Number of protein chains: 2
Amino acid sequence: MWAVIEALNYSPHPAARGLATRRTNTLGLVLRDISGEFFGPMLRGIEAGTRENGFDLLIHCTNRFEGDATPAQYALSEHNSDGLLVFTDSLDEAELRRLYRAQFPVVLLHRSSPPGLNIPCVSFENKSGARKLIDYLIEVRGYRRIAFLAGPEGTEDSYWREMGYREALAAHGIAFDPTLIEVGGFDEIQGKMGVKRLLERETAVDAIFAADDDSAIGVLEGLREAGLRVPEDIAVVGFDDIRLSKHLTPPLTTVRAPIETAGREAVRQLVNLVRSGTAERLVLLPTELVIRHSCGAP
Amino acid sequence: MWAVIEALNYSPHPAARGLATRRTNTLGLVLRDISGEFFGPMLRGIEAGTRENGFDLLIHCTNRFEGDATPAQYALSEHNSDGLLVFTDSLDEAELRRLYRAQFPVVLLHRSSPPGLNIPCVSFENKSGARKLIDYLIEVRGYRRIAFLAGPEGTEDSYWREMGYREALAAHGIAFDPTLIEVGGFDEIQGKMGVKRLLERETAVDAIFAADDDSAIGVLEGLREAGLRVPEDIAVVGFDDIRLSKHLTPPLTTVRAPIETAGREAVRQLVNLVRSGTAERLVLLPTELVIRHSCGAP
DNA sequence: GCGTTTACTGTAAGCGCTTTCAAACCGAAA
DNA sequence: TTTCGGTTTGAAAGCGCTTACAGTAAACGC
């Protein structure tokens, strides 16, 4: 029997099998886009996770193009996958609700469940990571006027990092100063623009906490163009510890976020959800302080 | 009619449709693994390309795990995709031949067609890029003893870069010296190990041409650990111009390879092949010299 | 030896769609 | 009114698989 199968090198037809079993053996990943340093490691983790569990991976970016005719399409759904990994805000709440009502397995990555939905999430310990970082800047490096350059509006990772920042300030009796907050984005350009706006304000700044390393790169650039030395004139720290960070000039103090592990873990939860219907409601992966020269450390 | 469809929010079942039409509306991407800085931009290009053309993207890594039970599986094939994008050597020649005989649309990325098969390929102008780079090192910077740190055995990108290197030497009457060749790999670790082996030989070296930027990073590290200054004691150049390169210390002289464009172009060729059965046999995307401080330029 | 359970094999239905083909329909020309 | 071309509509077949079920054979206990 198997010999015959081998001889004819037969392989079953996934579409037919999918039709009959009503399972696709495929997991879907929904992203807004694939840009920035973040996605390489994340994809690596996700791909590894799906493969280890014998699933295929279908990727879809929901980002619209300039002048595209097609309306918002939810290309990935119960029809072509057994479960969905949803990154941040790549799927709107209505679709999330629909999938939830349909009891379709979904795991959220770096985004929490909309109220009432109880969808499992995987993210980092953003708050405590930021807390450790700012504690260090205050206690060890002696900075008091620390600016926060936030990520994109509505990004939860950025929100919790800001909460950690505020908590650290409060714990050391430093009043929160709104003029030290500037919105940025999770990329180099926005980081650079953000720091320029910050400098125009002419408030004293000891250190800048960029919401992620990508934007910290822009901050370094912006400061260099403004003729300021890092860390002598102003210290810079980021979050994520992407591969570039240790190669920057100066090497960037940051918080290491296990990006790849988060991807793998999200798949693990999703596979559990698909197979046994259970998953942990919230998984927060630990972060770790990484001290380099950009904060003034030797 | 459409109102009813809207009202019931009906959406067709891809598996059933696939069964009936014998088309999947999906393109497959076969990789060995997703590591290194190269894959981010490449995936970005490929994803954009597939989406613009209304196809889905299925990704599969053929890399084996330690002690995995499953034999070499060709998860992606005529059953679940309308065409395949094959990156370098992620698929063996036998499978390539089988797909070719079955007239299944395949486009190769950074790898040329096995003899007799005539499968379309998309790659960079590696040879002329390397030629420009080495010409510059010889003519402008005056180096004569330039080492080449090759990529992984059998990698065509590396092969053609070496050919460009040799051509440049020959054109300037510099004899090819095998002791200046060292094998490395397309990653940091291998680059570092390669440069250490090179230094142990105690041949005079003016400059090191690493086959890609990832390994050039390892070279920089290796030289730093050996107490050598770049570019004062020894110059270093790479190939690809990945995002890190300009942030390195010193910033890396390299050749810009349009990684993302190559991905997008490969999809374009594949879509043509799927839709009209035609594609260009070979597309080589132009590369561009990027001069930074690591080669001794100010 | 017979009735009963267990195992195995084969058959048919059906998954949700496309596609083909035939039948029905409609308007225009004879 | 009849006839013909063209269009619309409906029904049926089939894509390649799974699965449930019936049917047959084999094994078992009394």
Side-chain angles (χ1 to χ4, degrees), chain A residues 1-28 30 50-51 53-58 60 69-84 95 98-106 271 273-277, chain B residues 1-28 30 50-51 53-58 60 69-84 95 98-106 271 273-277:
Chain A
M1 173 62 180
W2 291 104
V4 175
I5 289 181
E6 193 75 9
L8 298 174
N9 66 38
Y10 164 88
S11 76
H13 193 134
R17 172 179 287 193
L19 237 205
T21 57
R22 324 182 115 270
R23 315 201 324 82
T24 62
N25 214 45
T26 297
L27 299 181
V30 190
T50 54
R51 192 151 36 98
N53 286 286
F55 282 86
D56 282 334
L57 212 212
L58 213 42
H60 190 249
T70 53
Q73 285 278 86
Y74 304 115
L76 259 32
S77 69
E78 55 269 46
H79 288 323
N80 42 25
S81 53
D82 297 344
L84 238 45
E95 176 69 358
R98 191 187 70 74
L99 291 168
Y100 187 77
R101 269 199 308 274
Q103 310 230 32
F104 188 69
V106 171
V271 168
L273 203 55
V274 170
R275 298 223 170 111
S276 58
Chain B
M1 171 64 180
W2 289 105
V4 174
I5 289 181
E6 193 74 11
L8 297 174
N9 68 35
Y10 163 89
S11 76
H13 192 134
R17 173 179 284 192
L19 237 204
T21 58
R22 324 182 113 272
R23 315 198 328 81
T24 61
N25 213 44
T26 297
L27 299 182
V30 190
T50 53
R51 191 151 38 99
N53 286 287
F55 282 85
D56 282 334
L57 213 212
L58 213 42
H60 189 249
T70 54
Q73 284 277 87
Y74 305 115
L76 260 32
S77 70
E78 54 270 45
H79 288 324
N80 41 25
S81 53
D82 296 344
L84 238 45
E95 176 69 358
R98 191 187 70 73
L99 292 168
Y100 187 77
R101 270 200 306 274
Q103 310 230 32
F104 188 69
V106 171
V271 168
L273 204 54
V274 170
R275 297 224 171 111
S276 59

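Remember, predicted model here, so these are calculated numbers, not experimental data. Chain A is the first sequence line, chain B the second, and so forth, proteins listed ahead of strands; every chain is numbered from 1. Basis for what follows: all heavy atoms, side chains included, without hydrogens, waters or symmetry-related copies.
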Main chain of A:Asp82, side chain of A:Thr24: is a donor-acceptor contact present, judged purely on distance under 3.5 Å?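 Looks like yes, one N/O pair under 3.5 Å.
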Closest heavy-atom contact between B:Leu57 and A:Leu58?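 Between these two residues, the closest heavy atoms are O-CD1, 3.2 Å.
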What integer distance in Å separates [X]:[atom1] from [N]:[atom2]?
| X | N | atom1 | atom2 | answer |
| --- | --- | --- | --- | --- |
| B:Leu19 | C:dG14 | CG | P | 17 Å |
| B:Asn25 | C:dT18 | CG | C1' | 15 Å |
| A:His13 | D:dT18 | NE2 | P | 12 Å |
| B:Arg23 | C:dG16 | CZ | C1' | 18 Å |

Look at A:Arg22 and C:dC15 and indicate whether a side-chain polar atom (N or O) is within less than 4.0 Å of OP1 or OP2.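 For C:dC15, OP1/OP2 do not have a side-chain N/O of A:Arg22 under 4.0 Å.
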Kindly compute the distance separating CZ (B:Arg23) from CD (B:Glu78), expressed to the nearest 0.5 Å.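 Here the interatomic distance stands at 15.0 Å.
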Proximity to the side chain of B:Arg17 - top-ranked nucleotide from C:dT19, C:dC17, D:dG16: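 Ranking C:dT19, C:dC17, D:dG16 by closest atom to the B:Arg17 side chain puts C:dC17 first.
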Side chain of A:Thr21 only, heavy atoms from C-beta on: which candidate in C:dC17, D:dT19, D:dG16 is closest?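 For A:Thr21, the side-chain atoms sit closest to D:dT19.
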Any chance you could lay out the side chain to side chain contact (heavy atoms under 4.5 Å, CB included) test for A:Arg275 and A:Asn53, step after step, and finish with the verdict? CA-CA 11 Å; A:Arg275 298 223 170 111; A:Asn53 286 286; 4.0 Å; yes
